Amino acid sequence: MSVLTLVIEGQDVAGPAGRTILQVARENGVAIPTLCHLEGLSDVGACRLCMVEVEGQRKLLPACVTTIEEGMQVTVNSDRLTAYRRRIVELLFTERNHVCSVCVADRNCELQDLSVEFGVTHFDLPQLHPKATVDATHERFGIDHNRCILCTRCVRVCDEVEGAHTWDVMGRGTEARIITDLGTPWGQSATCTSCGKCVQVCPTGALFEKGRSVGEARRRRPYLPYLVAREGRAR
Amino acid sequence: MTAKPRLATIWLDGCSGCHMSLLDMDERLLEITERADIVFGALVDVKEFPENVDVTLVEGAVSSEDDLRKILEVRRNTRILVSLGDCAVTSNVPGMRNPIGPGPILERAYIENVTLHPQLPGPLVPRLLPLSRPVHAVVKVDVFVPGCPPSADLIHSVLDDLISGRMPVTAGVTCFG
Ligand code: SF4
Ligand code: SF4
Ligand code: SF4
Ligand code: FES
């Protein structure tokens with residue numbers, strides 16, 4: 001396998017062809033904010049938080065799905081990138097109904113953490129206040145669409161690790177919703193094995209274990225790479 | 001000697017938690033009252049919002065016609081307006097009615113769930129606006145202090161900055177919820 005050399009945030013780095021900018025950056029201690037990316041799952045480039053500047057390219061590129069190239073010059077932090085990332089966080093908050101003070105994921109939420117990291121103290125954009133439902137038909141879990149940011153981690157873990165493929169995305173734009181089994185209630189799903197993996201990987205309060213109240217969500221995520229490695233599918 | 005800064009607090013559609021957090025400053029309240037004149041608020045027996053206020057802390061969202069009238073008056077008479085707490089900053093819990101609308105919410109609370117004399121609030125109760133909105137959706141806000149409620153330490157440091165003539169920086173030190 002050929003080894004490529006490139007520059008990330010002024011640092012000379014190297015990595016095997018086929019690696020993403022995100023992987024090589026992290027291996028070399030350069031942090032890039034992410035939300036839809038999760039170690040152990042495939043990448044889809046859904047959230048755009050990991051956008052970086054690549055010299056010679058007018059467009060910003062998502063680090064999680066862009067593979068490295070020889071001689072690349074990558075900028076991870078700039079005023080422009082910070083402004084876009086802050087705006088993305090704001091868009092995610094205002095698109096659904098986020099009420100941290102009464103949310104199961106309060107103080108345990110990757111979106112909330114990002115709002116602090118990017119200094120989002122209020123929203124300049126109007127909140128959309130969409131009508132969003134809660135499906136509590138599953139015996140042990142629930143999905144609150146008010147908090148979903150459509151990262152599709154649940155879709156991918158259920159498909160790629162559990163092998164059940166219960167989740168999918170239906171609709172477009174602000175109407176898009178994740179669904180179970182072609183839109184039937186979760187509790188009636190014929191494919192769901194009730195393994196709980198989707199609940200563990202959800203970055204927000206959208207997927208939750210029943211019986212947990214405000215701020216009581218607990219996520220066990222480090223197990224994912226182990227599961228993937230055990231199945232011999234480490235990437 | 002220059003006059004002390006004139007400080008006010010007001011409470012719109014909130015639960016009073018932010019004011020409780022303000023009281024949680026304990027003895028530091030005394031220090032604040034020595035350095036500033038508190039001219040309006042829950043602890044001051046003044047009915048009309050005064051003129052020439054330097055700093056006003058607003059708790060709560062703008063949810064009713066009465067909230068709207070108050071906040072317009074406060075803004076007219078305030079130099080630095082501070083949105084205090086998540087209800088003021090995002091509309092928070094009061095805003096949870098926004099996808100549903102005021103009509104069905106009133107029905108539910110005053111008719112459907114009531115067994116004894118179900119009736120909608122009369123003309124003495126301020127009418128709800130179609131949406132419960134953050135303060136900055138209605139008037140210009142100068143400082144945002146998210147938190148539900150913001151801690152007493154945070155409120156103290158914000159007040160300390162403002163009374164000393166500095167603009168407080170809340171980005172990165174506090175979060176929603
Ligand atoms: S999902 Fe996160 S950001 Fe949204 S309300 Fe819950 S804690 Fe807040
Ligand atoms: S509990 Fe397991 S099988 Fe069911 S939807 Fe979640 S990940 Fe898929
Ligand atoms: S439910 Fe959670 S994991 Fe699934 S798409 Fe929504 S935010 Fe992502
Ligand atoms: S982490 Fe790269 S697009 Fe979400």
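Just so we're clear, the structure is a prediction, and the values are computed from it rather than from any experiment. Values below: every heavy atom of this structure, side chains too, minus hydrogens, waters and symmetry copies. Chain naming here is simple, since letters A, B, ... match the order of the sequence lines and numbering starts at 1 in each.
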Segment of B:Pro149 engaging chain A (4.5 angstrom heavy-atom cut-off) = neither
Does [atom1] belonging to [X] count more than 12 external heavy atoms closer than 6.0 Å?
X: B:Arg166; atom1: CZ; answer: yes
X: B:Phe49; atom1: CZ; answer: yes
X: B:Arg127; atom1: CZ; answer: no
X: B:Glu112; atom1: CD; answer: yes

key: A:Gln127 vs B:Thr90 side-chain heavy atoms within contact, under 4.5 Å   = yes
Test item: A:Lys131 and B:Ile100 side chains (from C-beta on) under 4.5 Å apart, heavy atoms = no
message = For A:Asp106, give me all partners under side-chain hydrogen bond (donor to acceptor under 3.5 Å, both in side chains), at least two apart in sequence or on another chain.
response = A:Gln112
message = Could you report the tightest heavy-atom contact between B:Cys175 and A:Ser115, atom names first, then the distance?
response = CB-OG, 4.5 Å
inquiry  = For A:Phe93, which atoms come within 4.5 Å of any heavy atom of chain B: side chain, backbone, both, or neither?
reply    = side chain
key: Proximal component of A:Thr121, with respect to chain B [non-hydrogen, under 4.5 Å]   = both
remark   = Residues pairing under ring-ring contact (aromatic ring centres under 6.0 Å, His included) where one sits in residues 119-138 of chain B, two or more places apart or in two chains, turn out to be A:His122-B:His136, B:His136-B:Phe144
ask   = Can you tell me how far CE of B:Met96 sits from NE2 of A:His129, rounded to the nearest 0.5 angstrom?
value = 12.0 Å
inquiry  = Among B:Val89, B:Thr174, B:Asn92, which residue has the highest count of heavy-atom pairs closer than 4.5 Å to chain A?
reply    = B:Asn92
